[in-house]
2 protein chains.
Amino acid sequence: MARAAARQGMRKSEATRLRILDAAARVFARRGYADTRLSDIAEEAGTFAGSIYYHFESREELVEAVLTLGVTGVFEAVRTRVEALPPGSSHRTRLTAAIETHLAFALTQDPFATANQRLFAQVPADIRQRQIHLHRAYGEYWRKLLEGARRAGEIRRDLDLSVLRLQILGAVNWTVEWYKPGKRSIEQIAAQLATTIFDGIAA
Amino acid sequence: MARAAARQGMRKSEATRLRILDAAARVFARRGYADTRLSDIAEEAGTFAGSIYYHFESREELVEAVLTLGVTGVFEAVRTRVEALPPGSSHRTRLTAAIETHLAFALTQDPFATANQRLFAQVPADIRQRQIHLHRAYGEYWRKLLEGARRAGEIRRDLDLSVLRLQILGAVNWTVEWYKPGKRSIEQIAAQLATTIFDGIAA
DNA sequence: CGCATATTCTAAACCGGATTTGGCAGTCCG
DNA sequence: CGGACTGCCAAATCCGGTTTAGAATATGCG
C-alpha cells in the first residue's frame, strides 16, 4: 500500500522519486533519523546516494517530504473515518473514533505515518518549523471536533480548548513512544484514553 | 545554579569535566541535538573540541551524561516536593504537586532538565535505549503515586495504571513541545491538566 | 528509423564535523 | 634534578552528506 504507487504515464524521474520516497519512509521508520544514512535509503531504493540529489535538494528535503506525507495521511484517515460515522453520532463517539484512527494509522498502517511519528521529534528544529503549518491544520481540525462537542454540551465549558487539545494529542502521540504490539490492542488503548479523557480518573 | 558546581578539592580534570557538562547542557538546551557542534560546546567551556575527548568517550557519552543529570534532577525535585507536603495531604494534591513540579522544573529551572526534555526524543535510538532504566525508575515512582491514590479510593479501580501513567506523562511531556512563556502560566497549565485528568472533560 | 537534445544516473571528488593521534607542558613525588 | 603521570592542544584521519563531470539512457522529431 505504498503511498507512492501510481506508476503510469509519468516521467521516469517521477517514478524514481516515488521509489526513493517509499524507501526513505521505510528506512526512517525502522531506524530513526540519526541512524539513517542516505546510502541506506539509496540501497533500499536500488540506486546510489548521489543519485538522490537529482530528485531532492538535500537529505532535509527528503525527510520533509516523508513527514508531510505522514501528517496528511493521518489527517485524511481521521477525517474520513469521522465523516463516515452515522449522522447524529454523539461527539463522544466522534472523538473516540478520531483517537482510535489516529493511533491505528500511526502505529501500524502506514510507513509514512510511522516515520512521521518517530521522526518529528528527532528532526532538527528548523525542519519542525517548516512542518508546523501542517500540524496546525490538523490541530485545527481537532479544535473543531472539541468545539462541536462543547457546543453540544458534551464537554465542560470551563476548559481551555487549546490546552485540552494539546493534552489529548500529547497523550496520543506519547503512545507511539512506548507501544509494542501484543499485550494490549490498539482498540483497548484507544478506549481507555477516551474513557479517562471524558470521565476522568476520579473514583 | 549549575548542577555541576562543587569545585573544591577535586582533580583538575574533574572541574573541567563539570565545566564541559554545564556548557553542553546550556548549548544543547538552546540549539537541540543536531545543531550543536562539539566545537560550540568547547567554546562555551573555554577549551577545544578535541580536548573534550580527554573527559568523555564521545559526543554520545557527553549527551548521555547530560540526559542522565536531567532526568535525575526532575525526579529528585518531584520527590522532594511531594514529600514536603503536609502529611495527610490528599492523593489528588500529591499528584497535582507532582505534575506542577515536573512542568516547572523541566520548563524553566534547570538547563539539564530542559536539555533532557528537548533532546531525549531527538537523540539516536541506542542512546534512548541506554537511558530507559532511568525513565523506568521515574515511571515507577509515578506508578506508586497512582497506586496510592487508587488504594485510597481517589481514583477509579477499572483503569489500567500503566496506560494511565503513560497518558499523564505523555500530556505533561508534550507540553514542552508547545509551551511558550507568557500567556498561560505554568501553574495554570498544571492546574487544568490535573483537573481534566481527575474529573474528565465530560459536562 | 536515426540523429539531436534533454533527461536521468553514476563514480569520483569535496567538505565539514566527529574522532584519533602524538607530543608538549605542567606536576608530583623520589 | 629526573622519571612518570596528568591535562591539554594542534594536526591528521575518517565518515557521511553534497557537488561535479560526464556517461548512459530516454525522448522528440525529421
Side-chain angles (χ1 to χ4, degrees), chain A residues 4 6-25 27-28 30-67 115 119 122-127 130, chain B residues 4 6-25 27-28 30-67 115 119 122-127 130:
Chain A
R7 273 123 208 190
Q8 299 235 13
M10 53 172 69
R11 288 216 155 295
K12 174 139 188 263
S13 82
E14 189 67 9
T16 306
R17 184 186 156 91
L18 297 181
R19 214 160 18 86
I20 294 172
L21 270 174
D22 272 346
V27 179
F28 275 129
R30 185 162 65 243
R31 311 256 299 256
Y33 183 70
D35 282 355
T36 296
R37 233 70 50 254
L38 280 188
S39 54
D40 301 331
I41 295 173
E43 191 174 353
E44 178 105 2
T47 180
F48 299 83
S51 306
I52 292 177
Y53 285 81
Y54 182 76
H55 304 277
F56 298 89
E57 280 294 313
S58 62
R59 181 178 133 112
E60 295 210 347
E61 191 194 295
L62 175 55
V63 169
E64 288 185 40
V66 169
L67 293 177
L119 258 53
Q122 302 183 15
V123 125
D126 53 325
I127 295 185
R130 282 193 294 281
Chain B
R7 274 127 208 184
Q8 298 237 7
M10 55 171 68
R11 291 210 157 296
K12 181 155 185 237
S13 83
E14 189 67 8
T16 306
R17 183 186 157 91
L18 296 181
R19 213 160 18 86
I20 294 172
L21 270 174
D22 272 345
V27 179
F28 275 129
R30 185 161 65 242
R31 311 257 297 257
Y33 183 71
D35 282 355
T36 295
R37 234 70 53 253
L38 280 188
S39 54
D40 301 331
I41 295 172
E43 190 174 355
E44 178 105 1
T47 180
F48 297 83
S51 307
I52 292 178
Y53 285 81
Y54 182 76
H55 305 277
F56 298 89
E57 280 294 312
S58 62
R59 183 179 133 112
E60 295 209 347
E61 191 194 294
L62 175 55
V63 170
E64 287 185 40
V66 170
L67 293 178
L119 258 52
Q122 303 183 15
V123 124
D126 52 325
I127 296 185
R130 283 193 293 281

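Computed from heavy atoms alone, side chains included, the values below leave out hydrogens, waters and symmetry copies. Just so it is clear, the model here is predicted, and its values are computed rather than measured. A, B, ... follow the sequence lines: proteins, then strands. Residue 1 opens every chain.
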Please determine whether a side-chain nitrogen or oxygen atom of [X] lies at a distance below 4.0 Å from atom OP1 or OP2 of [N].
X     : N      : result
B/S13 : D/dT6  : no
A/T16 : C/dC9  : yes
B/S51 : D/dG7  : no
A/T47 : C/dT10 : yes

- Item | Trace of the side chain to side chain contact (heavy atoms under 4.5 Å, CB included) decision for B/L21 with B/L62 | CA-CA 7 Å; B/L21 270 174; B/L62 175 55; 4.0 Å; yes
Could you state the [atom1]-[atom2] distance from [X] to [N], rounded to the nearest angstrom?
X     : N      : atom1 : atom2 : answer
B/I52 : D/dC8  : CD1   : C1'   : 12 Å
A/E14 : C/dC9  : CD    : C1'   : 17 Å
B/I20 : C/dA18 : CD1   : P     : 14 Å
B/R17 : D/dC8  : CZ    : C1'   : 17 Å
A/D35 : D/dG17 : CG    : P     : 11 Å
A/R59 : D/dT19 : CZ    : P     : 14 Å
A/L38 : D/dG17 : CG    : P     : 5 Å
A/E61 : D/dG17 : CD    : P     : 16 Å

Could you give the distance from [atom1] ([X]) to [atom2] ([Y]), rounded to the nearest 0.5 Å?
X      : Y     : atom1 : atom2 : result
A/Q122 : A/F28 : CD    : CZ    : 9.5 Å
B/S58  : B/L38 : OG    : CG    : 9.0 Å
A/E43  : A/R37 : CD    : CZ    : 12.5 Å

- Task: Decide side chain to side chain contact (heavy atoms under 4.5 Å, CB included) for B/R130 and B/I127; before the verdict, give the C-alpha distance in whole Å, the side-chain angles of both, and the deciding distance to 0.1 Å.
- Result: CA-CA 5 Å; B/R130 283 193 293 281; B/I127 296 185; 4.0 Å; yes
- Query: Does A/R17 reach the main-chain N or O of A/H55 with its side chain, forming a donor-acceptor pair under 3.5 Å?
  - Reply: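 Such a contact is found between A/R17 side chain and A/H55 backbone.
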- Query: What does A/Y54 touch in the nucleic acid at a heavy-atom separation under 4.0 angstrom: a base, only the sugar-phosphate, or nothing?
  - Reply: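 Base, at least one base heavy atom under 4.0 Å.
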- Query: Looking only at heavy atoms, what is the nearest atom pair of A/L119 and A/Y33, with distance?
  - Reply: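 Heavy-atom minimum between the residues: CD1-N, 3.8 Å.
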- Can you name the closest pair of heavy atoms from A/G46 and A/R19 and give their distance?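 It is O-NH1, 4.1 Å.
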Dump every N/O contact between nucleotides 20-26 of chain D and the protein below 3.5 Å, one line per pair.
none

- Message: Quick check for you: among C/dA11, D/dG17, D/dA10, whose closest atom lies nearest to any side-chain atom of A/F48?
- Response: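 Of the candidates, C/dA11 comes closest.
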- Query: Does the side chain to side chain contact (heavy atoms under 4.5 Å, CB included) test come out yes or no for A/D35 and A/D40, once each step is laid out?
  - Reply: CA-CA 10 Å; A/D35 282 355; A/D40 301 331; over 6 Å; no
- Take the C1' atoms of the five end pairs on each side of the helix from C/dC1-D/dG30 to C/dG30-D/dC1, get both axes, and report the angle to 10 degrees. 10°
